[in-house]
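The block underneath contains the structure these notes are about, expressed in structure tokens.
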There are 2 protein chains.
Amino acid sequence: MSASGSEIKVAVDAIVFGYSKNEGVSILLIQRKYPPFKNMWAIPGGFVLPDESLEEAVRRELVEETGIGVNYLEQLYTFGEPDRDPRKRVISIAYFALVKSAQFQQLKASTDAENAQWFNFKNLPSLAFDHKKILNLAIERVRTKIRYQPIGFELLDRKFPFSDLEKLYITLLDRDIDRRNFSKKMLALGILDETNEYAKSEGKGRPSKMYQFNKKRYQELVKEGINFEI
Amino acid sequence: MSASGSEIKVAVDAIVFGYSKNEGVSILLIQRKYPPFKNMWAIPGGFVLPDESLEEAVRRELVEETGIGVNYLEQLYTFGEPDRDPRKRVISIAYFALVKSAQFQQLKASTDAENAQWFNFKNLPSLAFDHKKILNLAIERVRTKIRYQPIGFELLDRKFPFSDLEKLYITLLDRDIDRRNFSKKMLALGILDETNEYAKSEGKGRPSKMYQFNKKRYQELVKEGINFEI
DNA sequence: ACAAAAGTGTTAAAGTTACACCCATGT
DNA sequence: ACATGGGTGTAACTTTAACACTTTTGT
């Protein structure tokens with residue numbers, strides 16, 4: 001090891017994803033109040049305190065800056081180019097987070113965090129620092145990951161109609177999905193429980209059964225060596 | 001963001017993988033000269049200097065501590081639990097690196113770095129700090145990744161007999177592979193060029209043709225949307 | 001009765017797996 | 001001539017992809 005320590009600041013950032021059937025995938029951004037990049041949009045985040053873990057830091061910053069609590073959090077990548085912050089050397093450990101649909105819609109409506117706002121992931125503003133790069137990586141990661149891990153359920157409510165799941169995949173993968181093949185495959189995995197509830201109809205169409213992701217069952221099956229793949 | 005910066009040190013660590021047909025997969029470790037964990041084995045690494053990128057830091061530390069230059073380097077994960085170093089708060093950005101077979105064998109023989117040593121990945125000593133956890137993650141990552149990205153070639157020489165590739169996969173995936181099916185699949189991908197060289201026989205068996213990974217071709221095919229998968 | 005969304009099965013094509021014998025070389 | 005590792009094809013099976021009509025509800 002080198003003899004001396006470093007004068008480098010350590011920050012965390014979190015790309016928070018929300019989803020609703022009608023609006024698709026959204027990402028939570030905050031507007032900067034101070035220079036540099038004053039008034040520009042940025043990914044929420046901040047410096048890590050001496051005695052908290054990285055994940056604790058992310059959760060704390062998210063509450064402070066946006067009032068949000070997330071139910072899924074995963075480390076994405078660490079960005080550390082010497083010049084990524086014009087003021088000083090900052091390395092940032094980026095996370096991505098997923099928020100359940102009902103909560104996302106509540107948050108959208110609330111005014112708790114005046115300078116936090118959701119943006120559709122296909123229509124994002126320009127961003128401060130290297131945040132565009134971070135965000136693109138996060139989107140790419142989520143896009144890839146829903147194909148081999150059941151993280152999509154973290155964006156839906158606990159109980160959801162099958163078509164919501166399908167729409168989520170269509171949105172993220174950005175291509176059509178054959179409804180019959182998709183449901184066959186999903187149901188064949190054995191990780192979805194059918195409930196005896198039905199979606200309250202929204203005025204049109206046949207009401208759909210509500211399904212529920214069975215996490216325990218999934219974990220058992222993982223041990224037995226199944227692989228989720230869509 | 002929080003107002004204040006942090007008093008956290010930033011380090012990088014690198015899990016270096018080497019491979020040879022006879023010895024299988026090895027990992028490069030160094031023996032610590034000073035407390036804490038004096039004399040224990042550890043993953044090479046050290047603090048990031050103020051003006052170098054993370055990757056530069058990894059390469060510099062590897063040269064300083066082990067005399068090695070690597071040909072493939074990828075970020076693995078960032079470890080930041082507050083208590084992972086007993087002395088002070090250190091977050092470490094871990095990388096994994098792959099070394100080509102010929103170079104690995106040279107390094108094994110050389111005495112450049114007295115306190116650096118290669119260990120078979122199935123027979124590792126106990127390690128300082130949380131390095132066991134880091135190492136396990138690295139092994140898991142490489143194991144998974146060779147199945148969907150052609151990183152295996154970074155462990156072989158530029159030209160290699162087909163059976164070396166096969167043995168590498170058998171070793172890492174820890175299961176038998178059907179020679180016929182494996183070569184069919186690999187060759188069907190169209191990313192291996194047959195050379196007109198033959199392996200100099202080692203006294204027994206039919207000499208094998210030498211193959212070569214065609215990186216350009218692979219990158220073209222990726223753009224066209226193939227997916228490498230074994 | 002019609003519009004809208006949910007629910008459901010079959011067939012062809014592609015991909016994967018299982019399996020065994022001959023070939024080229026050194027001793 | 002034998003021991004050793006290299007090289008190769010085919011058939012059964014599994015998985016995936018393509019495709020359209022019926023059901024339930026609200027208006």
Side-chain angles (χ1 to χ4, degrees), chain A residues 20-22 24 146-148 156-157 159-171 173-212 221 224-230, chain B residues 20-24 146-148 156-157 159-171 173 175-212 221 224-230:
Chain A
S20 79
K21 182 176 49 179
N22 300 319
I146 53 157
R147 298 192 48 181
Y148 64 91
L156 302 174
D157 295 323
K159 294 178 183 178
F160 52 86
F162 209 94
S163 57
D164 273 22
L165 183 61
E166 193 194 326
K167 275 178 201 136
L168 173 60
Y169 274 84
I170 290 171
T171 306
L173 302 183
D174 200 28
R175 59 174 162 85
D176 269 15
I177 288 178
D178 183 282
R179 190 148 35 108
R180 282 167 291 190
N181 293 338
F182 182 74
S183 74
K184 230 182 305 174
K185 205 166 180 179
M186 267 293 175
L187 294 172
L189 290 166
I191 57 175
L192 285 187
D193 293 345
E194 197 175 315
T195 70
N196 43 25
E197 290 174 46
Y198 285 81
K200 33 189 166 304
S201 97
E202 288 166 22
K204 37 191 171 180
R206 176 177 174 173
S208 57
K209 281 181 226 158
M210 299 296 265
Y211 286 84
Q212 193 166 349
L221 290 170
E224 293 169 25
I226 65 148
N227 63 322
F228 182 91
E229 210 177 323
I230 299 297
Chain B
S20 79
K21 183 175 50 179
N22 300 318
E23 295 162 88
I146 53 157
R147 299 192 48 182
Y148 65 90
L156 301 174
D157 295 323
K159 295 177 181 177
F160 53 85
F162 209 93
S163 57
D164 273 22
L165 183 61
E166 193 194 328
K167 275 178 202 138
L168 173 60
Y169 274 83
I170 291 171
T171 306
L173 302 183
R175 60 175 162 85
D176 270 16
I177 288 177
D178 181 281
R179 191 148 35 109
R180 282 167 291 192
N181 293 339
F182 182 75
S183 74
K184 230 182 306 173
K185 207 166 178 178
M186 267 293 175
L187 293 172
L189 289 166
I191 56 175
L192 285 187
D193 293 345
E194 198 174 315
T195 71
N196 43 23
E197 290 173 45
Y198 285 81
K200 33 189 164 303
S201 98
E202 290 167 20
K204 36 190 172 181
R206 174 177 176 175
S208 57
K209 280 182 226 158
M210 300 295 267
Y211 287 84
Q212 193 167 349
L221 288 170
E224 292 169 25
I226 66 145
N227 62 321
F228 182 90
E229 210 176 324
I230 299 296

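Convention: sequence-line order gives letters A, B, ...; per-chain numbering from 1.
No side-chain heavy atom of A:Met186 sits less than 4.5 Å from a side-chain heavy atom of A:Tyr211. Under the 4.5 Å side-chain criterion, counting only non-hydrogen atoms from C-beta, A:Leu221 is not in contact with A:Phe228. Residues A:Arg147 and A:Leu173 meet the side-chain proximity criterion, which asks for heavy atoms closer than 4.5 Å.
One atom, CZ of B:Phe182, and another, C1' of D:dG9, lie 19 Å apart when rounded to the nearest Å. Going from atom CD1 of B:Ile170 over to atom C1' of D:dG5 covers 13 Å, rounded to whole Å. At whole-Å resolution of the value, NZ in B:Lys200 and C1' in D:dG6 are 17 Å apart. A straight line from CG of B:Leu165 to C1' of D:dG7 spans 15 Å, rounded to a whole angstrom. Atom-to-atom, OH of A:Tyr198 to C1' of C:dA5 comes out at 15 Å; the value is rounded to the nearest Å. Across the protein-nucleic acid pair, B:Tyr211 atom OH and D:dT8 atom C1' stand 11 Å apart, rounded to whole Å. Atom CD1 in A:Ile226 sits about 16 Å away from atom C1' in D:dT15, given to the nearest Å. In this structure, A:Glu229 atom CD and D:dA17 atom P are separated by 11 Å, rounded to whole Å.
Here B:Lys209 reaches the OP1 or OP2 of D:dT8: one of its side-chain N or O atoms lies under 4.0 Å away.
Judged purely by atom type and a 3.5 angstrom limit, B:Asp178 uses its side chain to pair as donor or acceptor with the backbone of B:Arg180.
Counting any heavy atom pair closer than 4.0 Å across all strands shown, A:Ser163 reaches sugar-phosphate atoms only and no base atom.
Shown here are the side chain to side chain donor-acceptor pair (under 3.5 Å) partners of B:Ser163, two or more places apart in sequence or in another chain: there are none. Applying the side chain to side chain donor-acceptor pair (under 3.5 Å) criterion to A:Asn22, with sequence neighbours excluded, gives no partner residue.
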Across nucleotides 19-27 of chain D, 5' to 3', mark each nucleotide with B, S or - according to how protein heavy atoms within less than 4.0 Å reach it. BB--BBBS-

